[in-house]
Amino acid sequence: MNLRDRYRLELVSLNLMGEPSEWGMKIKDMFITPGCYQHYLPRWQGSYDNRINANQKILNSLYTNWGLAMAACLEGDYQRAIQLKPSTTDNSDIAAFAQKFVAYHEGYYQLQQQKWREAIISLKQAKPEIQASNDWQQEIDKLCGFQRQVISESQEHLEFAQFWYDLLGSRDARSYLAEYKAEQIREQIANEQISSATALRELQKIKEIDNQNPIVIDLIQRIEFNQELELIENLLKNNQFEEAVQRAKKSQHQRLRNIVSDICVDILIKGFQNRDLGFEDIYQLGHWAYELSPDDPNVQEVYGFSQELKDIQNLIKCDRFDEAVHYAKYSQHDSISHYVADFFIKTLLKGVQNRDLSFDLIQQLGRWAYELCPDEPAFQEIYRSLNIR
């Protein structure tokens, strides 16, 4: 302990006592400084008058054995303040405040040096006073932001984020901790150390830390998407197509709905080209695709195509064949006339095979097919056999 430390204590105290002095310890009619007070305390025990207001905690603390360290803190000499901390202290409220005051500045100094681990004990000790001061919270928040920038290891990021969150719980601290906890979950999923269901439960807990964190929200959505996609893929593998479509319709993920819609369109096109699908199957697939992705131009076209086939089928069911043929013949989709012609030819051939259609009806089916596709090579032999030209 040297003269410079004592001089600093006296100077800081005099500035706080006012000029002329209004606050401080008083003996009779004279205000005394902390240095004088400490030196003559045994002799003046019980004879001094405390003229310091309760809210003047710093001035009050300067009269304790924390005074030298307090003064060093107030002058920004934090390293010296650490050295000047007393080894023992009393249990008074003012001594407790002084201890926390010095602890705050010790932690502040360690964070300035980007030694956050050394700052843990002192800042935890000062936590009540930090929480009571917006200025201190902002200062520590700022230093923690700088500290974060120099950390490279993920595990240290996670440990520091937890410390920062526990100390302040500020917006930046919440965002930082949630981000690295989410990244930890992402790594565990990638390494197959955790199931999707467990990951979602953990992420929901993390969301309680920062419910607007984009990284957490994105990861939750990705996991939910993959879970739904896996479920739908299993339904499709088990030929539960309608159930798969209904699951997709309930999904909040448009990307998932688009995937199932594309599957519907692919099956429809292949089935149409191979003539593996009937009118109703084609319409149903087009309808599902449109329900799932109504804004997709390609789906809109396919839906319109399937709707035309449905209208033609309805005409056929009502025995309005001439109207059905006219509808198909003048459709904007050339393939529809070929599909309907193929339907007539297949119906014709099946009737011949089963011998359940009259010759006139067989010939009429052939004429309708001819009206739609007169030049189709695959149908020419049938046309000749029925004398259709």
Side-chain angles (χ1 to χ4, degrees), residues 69 72-73 76-85 96-196 198-223:
C73 289
D77 192 354
Y78 307 129
Q79 193 170 10
R80 182 60 178 160
I82 295 171
Q83 298 171 348
L84 292 172
K85 290 191 303 182
F97 166 79
Q99 188 175 24
K100 292 180 178 65
F101 185 92
V102 174
Y104 164 77
H105 288 90
E106 179 178 352
Y108 180 91
Y109 170 75
Q110 299 293 1
L111 281 179
Q112 277 188 322
Q113 307 306 307
Q114 297 181 338
K115 298 178 180 179
W116 72 272
R117 294 190 188 278
E118 285 83 344
I120 292 176
I121 294 176
S122 54
L123 288 179
K124 281 186 176 181
Q125 189 177 42
K127 184 176 179 179
E129 295 300 326
I130 294 173
Q131 291 178 332
S133 170
N134 289 331
D135 290 342
W136 283 11
Q137 290 177 37
Q138 291 174 9
E139 289 173 347
I140 296 299
D141 227 21
K142 183 178 179 180
L143 287 175
C144 284
F146 292 146
Q147 175 71 68
R148 172 184 179 175
Q149 295 174 14
V150 301
I151 297 175
S152 57
E153 298 294 329
S154 295
Q155 185 58 36
E156 186 178 355
H157 270 296
L158 196 58
E159 293 171 3
F160 175 63
Q162 187 68 58
F163 159 70
W164 186 2
Y165 172 76
D166 291 340
L167 181 65
L168 295 181
S170 64
R171 183 185 63 183
D172 288 345
R174 294 196 307 272
S175 175
Y176 181 35
L177 179 61
E179 175 183 339
Y180 274 89
K181 278 185 171 290
E183 289 299 333
Q184 184 182 48
I185 296 293
R186 193 194 303 274
E187 290 181 10
Q188 290 174 336
I189 293 173
N191 296 329
E192 298 182 348
Q193 298 172 329
I194 187 174
S195 68
S196 296
T198 302
L200 276 179
R201 287 196 297 271
E202 292 301 315
L203 285 168
Q204 290 299 337
K205 294 178 183 177
I206 295 171
K207 199 174 178 182
E208 294 176 3
I209 297 173
D210 182 7
N211 61 7
Q212 299 298 323
N213 190 281
I215 293 176
V216 176
I217 293 172
D218 177 70
L219 187 54
I220 289 174
Q221 290 177 343
R222 287 175 181 273
I223 294 173

Please report the C-alpha distance between Phe163 and Leu123 in whole Å, then the side-chain angles of each, then the deciding distance to 0.1 Å, and finally whether the side chain to side chain contact (heavy atoms under 4.5 Å, CB included) criterion is met. CA-CA 10 Å; Phe163 159 70; Leu123 288 179; 3.9 Å; yes
Working note: Asp210 + Val216, criterion side chain to side chain contact (heavy atoms under 4.5 Å, CB included); need CA distance, chi angles, decisive distance, verdict. CA-CA 8 Å; Asp210 182 7; Val216 176; over 6 Å; no
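- For the atom pair Ile189 CD1 and Ile194 CD1, the distance stands at 6.5 Å (nearest 0.5 Å).
- With hydrogens and angles disregarded, a donor-acceptor distance shorter than 3.5 Å links the side chain of Gln137 to the backbone of Ile130.
- Atom NZ of Lys181 is separated from atom CG of Leu203 by 11.0 Å, given to the nearest 0.5 angstrom.
- The minimum heavy-atom distance linking Cys73 with Ala81 is given by the pair SG-CB, 3.6 Å.
- Side-chain contact check for Gln83 and Arg80: at least one donor-acceptor pair (N or O, by modelled atom type) lies under 3.5 Å.
- Atom CD of Gln112 and atom OH of Tyr78 lie 6.0 Å apart (nearest 0.5 Å).
- A salt bridge links Lys85 with Glu106; the closest basic N to acidic carboxylate O contact falls under 4.0 Å.
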Mind running side chain to side chain contact (heavy atoms under 4.5 Å, CB included) on Val102 and Ile82 for me, showing each step along the way? CA-CA 8 Å; Val102 174; Ile82 295 171; over 6 Å; no
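- Note that the CD1 atom of Ile215 and the OG atom of Ser175 stand 7.0 Å from one another [nearest 0.5 Å].
- For Lys127 (side chain) and Asp166 (main-chain N/O), a donor-acceptor pair under 3.5 Å exists by modelled atom type.
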Show your reasoning for whether side chain to side chain contact (heavy atoms under 4.5 Å, CB included) applies to Cys144 and Leu111. CA-CA 7 Å; Cys144 284; Leu111 281 179; 4.1 Å; yes
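- The shortest non-hydrogen separation linking Ile185 to Ile206 is CG1-CD1, 4.1 Å.
- Two residues are said to be in side-chain contact when any heavy atoms from C-beta on lie closer than 4.5 Å; Ile220 and Gln204 meet this criterion.
- A side-chain hydrogen bond (donor to acceptor under 3.5 Å, both in side chains) check over residues 141-156, counting only residues at least two apart or in different chains, returns the pairs Trp116-Glu156, Asp141-Trp164, Asp141-Ser170, Arg148-Glu179, Gln155-Glu159.
- Using a 4.0 Å cut-off between a side-chain N of Lys or Arg and a carboxylate O of Asp or Glu, Lys205 and Glu208 do not qualify as a salt bridge.
- Ring pair Tyr104/Trp136 is parallel by interplanar angle, where below 30° counts as parallel and above 60° as perpendicular.
- The shortest side-chain heavy-atom distance between Asn213 and Asp218 does not fall under the 4.5 Å cut-off.
- Using a 30° and 60° split on the angle between ring planes, Tyr180 and Tyr176 fall in the perpendicular class, above 60°.
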